[in-house]
Amino acid sequence: MTKSGSSGLDRREFLRTGAAGLAVGAVSGCGAPATGEEARPSGQETPVEAAAVPSELGAPPAQPLSTPPIERVRIGYVGVGGMGTAHVRNLVRIDGCVITAVCDIREEHAERAAGLIEEAGHPRPTLYTAGETDFERLCAEEELDLVYNATPWRWHVPICVAAMENGKHAATEVPAAYTLEGCWELVETAERTSRHCTMMENVNYGRAELLCLNLVRQGLLGEILHTECGYLHDLRGIKFADDGEGLWRRDHSWTRNGNLYPTHGLGPVANCLNINRGDQFAHLVSMSSPSRGLQEWAIANYPEGHPKRAETFALGDVNGSLIQTVMGKTVYVAHDTNLPRPYDRINKVQGTRGIFQGYPDRVYIEGRSESHRWDEADRYYEEFEHPLWMALREASIGAGHGGMDFMEDYRLVKCLREGLPLDMNVYDAAALSAVCELSEISVAGGSAPVEFPDFTRGRWREWEPWPIVGA
């Protein structure tokens, strides 16, 4: 397996070139037609194949990975800036785990995390602050069960791989990878080492999102046919900041054009569609608007001659991608971070009997709601509140993002302690993260349809949907 840090850029350029070259064939509908229940509708364009299965991969597991229970989960945390510190605050309050090592390129960040750990009554962790690759020493030397990272995107795959190669489970902030090469590397390493690799998608645990999932599982929305989601968040000030994400996030906008951050919106609707557990993303088409927002923000906020005013950006201000699943269901996923707007994730789940619509949260169920009128979602919490929220609502008060961050950390620790499959496994992490590069390939190819890799190699037909879990 080629490591993500070596030839990933060459492979991405190859894929984009191939997509652009095959766009004419895709539009003309060349290729053998599909058959059976997974057939593509007549006349639909034939997608470009984005990536083949790496030859060194064997058969995937018959069931999602579960490992022996861990009585007390020993954690090494890599990257304790803003989001990493939020997770540290959560983990020190969760029974059955302890952070014994902390790694960050800034010693003051590591010391801050160590102080939080000691204040909670735990022993002082070992600190690793000797440069941006010191996580390798942490993974090799520390006796840990889990390595958890909240670092800039380019480090997600290398840190997860180093953890698994050294016998530790891995957890990463989102996206798990932003190249197809990186997605496959995570899958291959997780399978070869029999270690968990999970992407910490906090929105999967949002109160409204879990209410919607419960409505879906109860059958109140009927068969789910279409979903809409996205990440719509004015990040101009954050991208241009001189600290935090401003030190690295804007860089991706210089050269990449697609959906750079798909998983917040996509995670919850993928659960409602049973992606990798009865259905699978099949292909994607994507297009981007012109790029204006970042350039105009820089001109408005920096004086003449400032170097940031001279920067140019490939990233279109709004990217829209359409995904069709193998079973014919449809997903619209948006990325909009460079223009003035209030925050939104859209969060629409539409079925044959009803619909859930976010921002504001509302529900319409045929035969239950007044004809052609929305019900406020609050009316459904008493009867259909997800059991995880019923159990952990009080404990999560004060945690980040309305409590969902605490719940995702709680569930990770619980699953490891009880030897359960994780709520989101490496195949889920790869499928959702793959949208990053697939959207870039499609945009570069004139919105050519691009196929999703099957990271499960057919196991999605056999694995059971994510259940309604409790605390």
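- The number of heavy atoms from other shown groups lying within 6.0 Å of CZ (Arg341) is above 12.
- Taking the side chain as every heavy atom from C-beta outward, Leu315 and Lys239 approach each other to under 4.5 Å.
- Evaluation of the salt bridge (charged side-chain N to carboxylate O under 4.0 Å, His left out) test over residues 167-178, restricted to residues two or more places apart or in two chains, returns none.
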Start with the C-alpha gap between Glu165 and Arg195, add the side-chain angles, then the distance that decides, and say whether salt bridge (charged side-chain N to carboxylate O under 4.0 Å, His left out) holds. CA-CA 9 Å; Glu165 295 280 13; Arg195 290 296 179 268; over 6 Å; no
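- Annotation: the span from Leu266 atom CG to Asn259 atom CG amounts to 8.5 Å, rounded to 0.5 Å.
- Residues Tyr205 and Tyr410 are not in side-chain contact: their nearest non-hydrogen atoms beyond the backbone lie 4.5 Å or more apart.
- Residue Glu107 places its CD atom among 12 or fewer non-hydrogen atoms of other residues, nucleotides or ligands, all under 6.0 Å distant.
- A distance of 11.5 Å separates CD1 of Ile75 from NE2 of His169, quoted to the nearest 0.5 Å.
- Inter-residue side-chain proximity for Ile346 and Gln357 is flagged as met; some heavy-atom pair is nearer than 4.5 Å.
- Side chain of Arg112 to backbone of Val80: a donor-acceptor contact under 3.5 angstrom is found.
- Side-chain atoms of His283 never come within 3.5 Å of backbone atoms of Gln324 as a donor-acceptor pair (strictly under, hydrogens ignored).
- Judged by distance alone, with hydrogens and angles left aside, the side-chain atoms of Ser396 form a donor-acceptor pair with the main-chain N or O of Arg393 at under 3.5 Å.
- Within the 4.5 Å cutoff, side-chain heavy atoms of His264 are placed close to those of Glu201.
- At least one side-chain heavy atom of Leu294 sits less than 4.5 Å from a side-chain heavy atom of Ser253.
- No side-chain heavy atom of Leu180 sits under 4.5 Å from any side-chain heavy atom of Phe452.
- At most 12 non-hydrogen atoms from other residues, nucleotides or ligands lie less than 6.0 angstrom from CZ of Arg89.
- Put simply, the side chain of Val333 does not reach to within 4.5 Å of the side chain of Tyr231, judged on heavy atoms.
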Run the side-chain hydrogen bond (donor to acceptor under 3.5 Å, both in side chains) check on Asn204 and Glu408 step by step: do they pass? CA-CA 8 Å; Asn204 285 348; Glu408 69 168 344; over 6 Å; no
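- The CG atom of Asn276 lies 14.0 Å from the CH2 atom of Trp466; values are rounded to the nearest 0.5 Å.
- In this structure, the side chain of Thr100 does not engage the main chain of Arg74 through any donor-acceptor pair within 3.5 Å.
- No more than 12 heavy atoms of other residues, nucleotides or ligands lie within 6.0 Å of CD in Glu376, so this atom counts as exposed by the packing criterion.
- For the residue pair Glu191 and Tyr427, a side-chain donor N or O sits within less than 3.5 Å of a side-chain acceptor on the partner.
- Donor-acceptor pairing under 3.5 Å is lacking for the side chains of Ser291 and Asn338.
- Side-chain atoms of Thr198 come within 3.5 Å of backbone atoms of Met424 as a donor-acceptor pair (strictly under, hydrogens ignored).
- For Gln350, the side chain to side chain contact (heavy atoms under 4.5 Å, CB included) criterion is met by His226, Lys348, Ile355, not counting sequence neighbours.
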Verify side-chain hydrogen bond (donor to acceptor under 3.5 Å, both in side chains) between Asn274 and Asp279, making sure each step is shown before the conclusion. CA-CA 6 Å; Asn274 297 329; Asp279 202 354; over 6 Å; no
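- A search for side chain to side chain contact (heavy atoms under 4.5 Å, CB included) contacts involving Tyr359 returns Tyr343, Asp344, Arg345, not counting sequence neighbours.
- A 4.5 Å side-chain heavy-atom check between Cys436 and Arg256 finds at least one atom pair inside the cut-off.
- Within 6.0 Å of atom CD in Glu394, 12 or fewer heavy atoms from other residues, nucleotides or ligands are found, so the atom counts as exposed in its surroundings.
- Under the 3.5 Å distance criterion, the side-chain polar atoms of Ser447 are left unmatched by any main-chain donor or acceptor of Val443.
- To the nearest 0.5 Å, atoms CG (Asp409) and CG (Leu91) are separated by 4.5 Å.
- Looking at every heavy atom in both residues, Gly79 comes nearest to Thr151 through CA-CG2, 3.9 Å.
- With a 6.0 Å radius and a threshold of 12 heavy atoms from other residues, nucleotides or ligands, His401 has its NE2 atom at or below the threshold.
- Centroid-to-centroid, the aromatic rings of Tyr178 and His252 come within less than 6.0 Å.
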